[in-house]
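Have a look at the structure below, then the notes.
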Amino acid sequence: MGNDPEVVDRDLEALEDEGQEAEPSFFADPKRIAETLVVVLLLVAAIYVLLPRALDTQGALDKLGDANPVWIAVALAFNVLAFFSYVALFRGVVGERVIHLEWRESYQITMAGLAATRLFSAGGAGGIVLTYWALRKAGMPRRETACRMVAFLVLLYAVYMLALIVDGILLRTGIFNGANPAGLTIVPAAVAGALIAVFLLLTLIPEDVERRLTSFARGYRFVRHAQRLASVPATIASGTRTAISFVREPSRGGLAVLGAVGFWAANIGVLWAAFHAYGAHVPLGVVVQGFFVGMVANLFPFAPAGVGAVDAGMIGTFVLFGVPGGEVFAAVLTYRLIAFWLPIPPGIVAFLQLRKTVARWEAQRAGAPVSPGIASSLPEAGPAITSESKV
């Protein structure tokens with residue numbers, strides 16, 4: 001069996017570039033959209049109609065008419081900041097150092113991804129699929145795309161985990177004001193710490209693990225299966241190392257780190273303002289911890305993007321923190337309307353714009369003339385991989 005590294009590299013590249021990326025059909029199937037909307041409506045009805053009756057807080061929805069418009073405006077401003085932060089995170093990880101994307105193109109990808117995240121699959125899987133497809137169509141190599149997507153998610157959720165740890169400990173020790181049950185403070189902090197430790201251990205996986213395993217399996221039928229088996233931990237390790245490098249080098253990764261922190265801070269700002277809109281003065285430490293603990297329900301597999309599950313998770317968490325049920329229902333519903341539902345219509349529009357952008361990229365690569373409708377509405381310059389694209 002031969003172990004020539006150059007031969008192995010060629011095999012890996014051939015495997016990497018097999019096939020064409022198909023366009024996600026999230027918004028192209030009316031039946032699927034209708035089914036999703038039916039599930040969403042049933043879940044929302046169950047949470048906001050049946051649950052208040054079960055908890056004897058039937059007047060909770062009546063509070064929506066008592067919202068302070070000034071605080072609602074503050075919540076909307078925080079939501080706009082969350083959008084900009086998300087785009088900044090995307091550009092910081094995937095942007096000009098790897099691929100020349102205009103801000104408008106970055107907006108299209110991130111907003112379409114947010115809409116897919118909210119409507120399809122749990123844990124943001126819909127947005128991941130759409131963003132991956134867009135980057136591949138933009139010309140980014142498959143392995144580089146996967147690595148950068150992992151780095152994006154690691155940065156985003158590292159802030160999430162660190163916030164759970166810091167806020168949970170400070171609440172439990174009394175440094176932050178507010179209720180501090182162990183199950184909502186120290187326990188989530190410990191779980192978050194364990195997950196961070198797992199990802200740090202994954203960075204110890206050798207960078208050439210795929211080459212080693214493929215070289216070892218050369219000559220056997222399962223060589224492709226071996227390579228694909230090794231590619232998952234290898235990609236996670238590579239993406240995690242890339243995310244860590246962004247943190248270590250502020251001049252390189254400052255925009256990405258700022259975007260990740262800003263995204264979560266702005267979302268918490270929306271919820272904080274929503275509580276104030278109904279006269280509920282919840283300690284900021286409790287708002288932060290309740291938000292992050294409640295968002296864990298986003299991983300619930302049977303609800304599109306955690307619809308209903310996240311609502312119930314946040315409501316239950318804040319009730320356990322001792323916040324009155326009526327204010328919790330109104331504030332969480334307002335937060336979800338602003339932060340969750342509001343981005344969906346512009347996200348669908350962004351997806352339609354993104355399809356035109358992708359058509360222009362493909363026409364430019366093929367050397368074909370770009371149709372006037374596409375060319376007139378989109379920037380002239382197409383994306384191009386730079387010499388700095390390797391991790």
Side-chain angles (χ1 to χ4, degrees), residues 5-26 89-101 105-106 108-110 112-113 116-117 121 124-156 202-203 205-215 217-218 222-243 245-246 256 354-355 357-366 382-391:
E6 293 185 1
V7 175
V8 174
D9 280 341
R10 286 198 299 270
D11 285 353
L12 290 178
E13 292 299 321
L15 287 173
E16 178 183 276
D17 293 326
E18 279 183 347
Q20 298 293 324
E21 303 300 330
E23 177 184 319
S25 59
F26 298 134
L89 170 61
F90 177 81
R91 282 187 64 83
V93 174
V94 182
E96 293 179 354
R97 292 182 63 88
V98 177
I99 186 169
H100 290 307
L101 286 174
E105 295 166 343
S106 297
Q108 291 170 3
I109 295 172
T110 51
T117 294
S121 303
I128 294 171
V129 170
L130 191 145
T131 304
Y132 178 85
W133 165 77
L135 292 176
R136 290 284 292 130
K137 289 299 184 181
M140 183 179 287
R142 181 170 301 182
R143 191 171 307 193
E144 179 72 13
T145 302
C147 173
R148 294 288 164 157
M149 286 298 300
V150 170
F152 178 94
L153 293 172
V154 167
L155 273 177
L156 185 64
L202 284 173
T203 63
I205 295 175
E207 295 185 14
D208 62 343
V209 63
E210 290 180 82
R211 180 184 295 112
R212 293 185 187 185
L213 191 54
T214 304
S215 177
R218 177 166 297 281
F222 58 82
V223 59
R224 292 195 175 193
H225 298 291
Q227 190 273 334
R228 287 168 179 163
L229 181 65
S231 68
V232 175
T235 300
I236 294 174
S238 177
T240 304
R241 284 192 290 265
T242 301
S245 72
F246 285 139
L354 179 60
R355 293 180 69 185
T357 301
V358 168
R360 176 174 59 83
W361 290 342
E362 292 183 330
Q364 288 176 339
R365 278 197 297 272
I385 302 298
T386 73
S387 60
E388 297 174 291
S389 64
K390 292 188 177 180
V391 179

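This chain uses plain numbering: 1 for the first residue, then up along the sequence. Values below: all heavy atoms of this structure, side chains included; hydrogens, waters and symmetry mates excluded.
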Note to self: Testing the basics here: between Arg241 and Ile205, what is the closest heavy-atom pair and its distance to 0.1 Å?
What the structure shows: NH1-O, 3.1 Å
Margin query: Could you measure the distance from the CZ atom of Arg142 to the OG1 atom of Thr235? Nearest 0.5 Å is fine.
Written below: 11.5 Å
Note to self: Do Phe152 and Thr131 have side chains that approach each other closer than 4.5 Å (heavy atoms only, starting at C-beta)?
What the structure shows: no
Next item on the list: Locate the shortest heavy-atom distance separating Thr203 from Ala237; write the atom from each residue and the value.
Entry: CA-CB, 4.4 Å
Checklist line | Heavy-atom side-chain proximity of Trp361 to Thr357 below 4.5 angstrom | finding: yes
Item checked: Closest non-hydrogen atom pair between Arg148 and Val94, with its separation -> CB-CG2, 4.2 Å
Check: How many angstroms lie between atom CE of Met149 and atom CE of Met140, to the nearest 0.5 angstrom?
Finding: 10.0 Å
Item checked: Shortest non-hydrogen contact from Gln108 toward Leu354 -> OE1-CA, 3.7 Å
Notebook entry, point to check: To the nearest 0.5 Å, what is the distance between NZ (Lys137) and CZ (Arg355)?
Noted result: 11.5 Å
Notebook entry, point to check: At their closest point, which heavy atom of Ala151 faces which heavy atom of Ala243, and how far apart are they?
Noted result: O-CB, 3.8 Å
Checklist line | OH-CD1 distance between Tyr132 and Ile109, expressed to the nearest 0.5 angstrom | finding: 14.0 Å
Notebook entry, point to check: What heavy-atom pair brings Ile236 and Thr240 nearest, and what distance separates the two atoms?
Noted result: O-OG1, 2.7 Å
Next item on the list: Decide yes or no for Leu135 and Phe90: does some side-chain heavy atom of the first lie under 4.5 Å from some side-chain heavy atom of the second?
Entry: yes
Margin query: To the nearest 0.5 Å, what is the distance between CG on Leu89 and CG on Leu156?
Written below: 6.0 Å
